[in-house]
Amino acid sequence: MRRANKLFIGLGLISTLVGCSEKHFLEDKVFAGGIVAEAKVLNKGKSIYTEYCMACHGVKGDGKGVAAKGLQVPPRDFTKGIFKFGEVVTGELPHDKHFYKILEKGLHGTAMLPWDLTEDQMFAVVSYIKTFAPQVWEGKDKELGTQIVVTKDPYGPAHKNSAIQRGKEVFHTVAQCQSCHRAYVSKDEFIEISKKVNGENLTHADIDRSMYQVKLQETEWGFKSLPPEFTWDEVRSATTVEELYIRLNAGIGGTAMPSWKETISDEDIWAVSHYVKYLMDMKNKPERKAFMDAIGN
């Protein structure tokens with residue numbers, strides 16, 4: 001551990017010295033949405049990146065920093081210009097404030113920690129990160145996505161139980177989230193809600209046991225990822241019902257998690273948000289075991 005600390009301290013000192021004298025950018029750049037970053041700001045961003053981000057994300061921004069091999073969750077490869085946790089529909093370009101939120105809060109269950117940076121520092125480092133994917137970000141013709149607006153929760157605290165029940169039905173029969181995540185109902189209950197929602201007359205023989213397994217999914221980064229098991233894993237970008245609502249609307253860029261905006265109704269997105277939060281709240285609690293036993297796991 002002491003050796004590792006010395007390594008990172010050494011990297012930090014070298015990075016700081018290199019960053020202070022860096023004059024890599026000589027011209028201003030225009031990014032998507034008409035956002036202008038002056039050359040001096042880009043150089044400042046490079047310095048901040050070199051000091052705080054490079055060890056994991058790499059000199060080239062390709063996620064291959066010296067610390068990356070020791071991380072269970074691979075650092076983001078910025079060269080692809082894919083952003084996982086924007087507040088726009090996946091595939092559209094996120095706004096700077098979406099990057100800032102990640103910098104300020106970090107990502108749960110990963111090595112991405114919260115950073116105490118000023119807004120000017122965040123603008124500088126985010127601008128620099130964009131230069132790793134000029135084909136995506138640079139140019140006056142590039143447009144930012146439409147910000148997802150959090151609508152009024154049609155359930156609220158007074159109808160939370162109704163929201164959870166409807167969310168359970170949508171999760172398993174309309175959106176079929178168990179095809180990537182896993183099911184959280186017994187076979188009997190699955191048969192019951194399938195008949196209620198879809199009019200299906202299923203039997204136990206129709207239910208594949210894999211419904212209770214989280215499945216590895218392909219990503220656009222060249223490796224597979226495991227979707228969260230909501231009663232056990234950290235959900236990286238969401239802890240509240242409102243944040244889950246945004247994530248369901250936006251999807252997760254570069255992964256199999258689609259945007260559900262306009263695919264299912266806004267009311268049902270709220271219902272699933274309440275249901276997933278209900279599952280997340282079981283983490284590290286005794287009722288989780290009873291819940292799992294009740295659904296046959």
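Predicted, not measured: the structure shown is a model, and the values here were computed from it.
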Next item on the list: Would you please test K29 and L42 for side chain to side chain contact (heavy atoms under 4.5 Å, CB included) and show each step?
Entry: CA-CA 9 Å; K29 288 184 180 290; L42 292 167; 3.8 Å; yes
Note to self: In the structure I gave you, are the side-chain heavy atoms of F31 and T131 within less than 4.5 Å of one another anywhere?
What the structure shows: yes
Notebook entry, point to check: Under 3.5 Å, is there a donor-acceptor pair linking the side chains of E189 and H172?
Noted result: no
Check: Side chains of K101 and F85: closer than 4.5 Å at any heavy-atom pair?
Finding: no
Check: Is it the case that Y128 and S47 place a side-chain donor and acceptor less than 3.5 Å from each other?
Finding: no
Note to self: When you compare the side chain of E143 with that of L93, does any pair of heavy atoms fall below 4.5 Å?
What the structure shows: no
Item checked: Student check: side-chain heavy atoms of K84 and R76 closer than 4.5 Å -> yes
Notebook entry, point to check: If you measure only the distance, is there a donor-acceptor pair under 3.5 Å linking the side chains of D188 and S186?
Noted result: no
Note to self: Run W270 and Y155 through ring pair (Phe, Tyr, Trp, His ring centres under 6.0 Å) and show every step you take.
What the structure shows: CA-CA 8 Å; W270 273 112; Y155 295 96; 8.5 Å; no
Note to self: I need the minimum non-hydrogen distance between G296 and R209, along with the two atoms involved.
What the structure shows: O-NH2, 3.4 Å
Margin query: Within a 6.0 Å radius of atom CG on D141, are there more than 12 heavy atoms belonging to other residues, nucleotides or ligands?
Written below: yes
Check: Side chain of D77, backbone of G63: donor and acceptor closer than 3.5 Å?
Finding: no
Check: Of the non-hydrogen atoms in I252 and T255, which two are nearest, and what is the gap between them?
Finding: O-OG1, 2.9 Å
Next item on the list: Side-chain contact test, heavy atoms from C-beta onward, threshold under 4.5 Å: evaluate it for F123 versus I35 and give yes or no.
Entry: yes
Margin query: Tell me every residue that passes side-chain contact (heavy atoms from CB on, under 4.5 Å) with K44, counting only those two or more places apart in sequence or in another chain.
Written below: I48, D120, Q121, A124
Check: In terms of the angle between their ring planes, are F230 and Y184 parallel, tilted or perpendicular, with boundaries placed at 30° and 60°?
Finding: tilted
Next item on the list: Identify the two heavy atoms, one from T173 and one from N198, that lie closest to each other, and give their separation to 0.1 Å.
Entry: O-ND2, 3.4 Å
Notebook entry, point to check: Passes salt bridge (charged side-chain N to carboxylate O under 4.0 Å, His left out), K285 versus D281? Steps please.
Noted result: CA-CA 8 Å; K285 292 182 179 176; D281 286 345; 5.6 Å; no
Item checked: More than 12 heavy atoms of other groups within 6.0 Å of E27 CD -> no
Next item on the list: Identify the heavy atoms of L226 and K215 that sit nearest to each other, and give their distance.
Entry: CD1-C, 3.9 Å
Check: Which residue pairs pass the salt bridge (charged side-chain N to carboxylate O under 4.0 Å, His left out) test when at least one of the two sits in residues 219-230, sequence neighbours left out?
Finding: E218-K224, E229-R288
Checklist line | Carboxylate-amine/guanidinium contact K187 D206, below 4.0 Å | finding: no
Check: With no hydrogens and no angle check, do the side chains of D266 and T151 hold a donor and an acceptor under 3.5 Å apart?
Finding: yes
Notebook entry, point to check: Between T110 and R236, is any side-chain donor less than 3.5 angstrom from a side-chain acceptor?
Noted result: no
Checklist line | Student check: side-chain heavy atoms of F83 and V88 closer than 4.5 Å | finding: no
Checklist line | Beyond-backbone contact of V170 with Y275, side-chain heavy atoms, under 4.5 angstrom | finding: no
Next item on the list: With side chain to side chain contact (heavy atoms under 4.5 Å, CB included) as the test, would you mind laying out the steps for L103 and M112 before giving the verdict?
Entry: CA-CA 8 Å; L103 288 169; M112 180 62 190; 3.9 Å; yes
Check: So among K97, E92, H98, which one has a side-chain contact (heavy atoms from CB on, under 4.5 Å) with P94?
Finding: H98
Next item on the list: Taking the side chain as every heavy atom from C-beta outward, state whether P75 and H57 have any atom pair closer than 4.5 Å.
Entry: yes
Item checked: Residue pairs, two or more places apart or on separate chains, that pass ring pair (Phe, Tyr, Trp, His ring centres under 6.0 Å) and touch residues 185-207 -> none
Next item on the list: Begin with the C-alpha distance, continue with both residues' side-chain angles, and end with the deciding distance and a verdict on side chain to side chain contact (heavy atoms under 4.5 Å, CB included) for M122 and E104.
Entry: CA-CA 9 Å; M122 289 193 288; E104 290 170 337; 3.5 Å; yes
Notebook entry, point to check: Is the backbone of P228 close enough, under 3.5 Å, to the side chain of H181 for a donor and an acceptor to pair up by distance?
Noted result: yes
Notebook entry, point to check: Aromatic rings F78 and F132: how do their planes relate, parallel, tilted or perpendicular, breaks at 30° and 60°?
Noted result: parallel
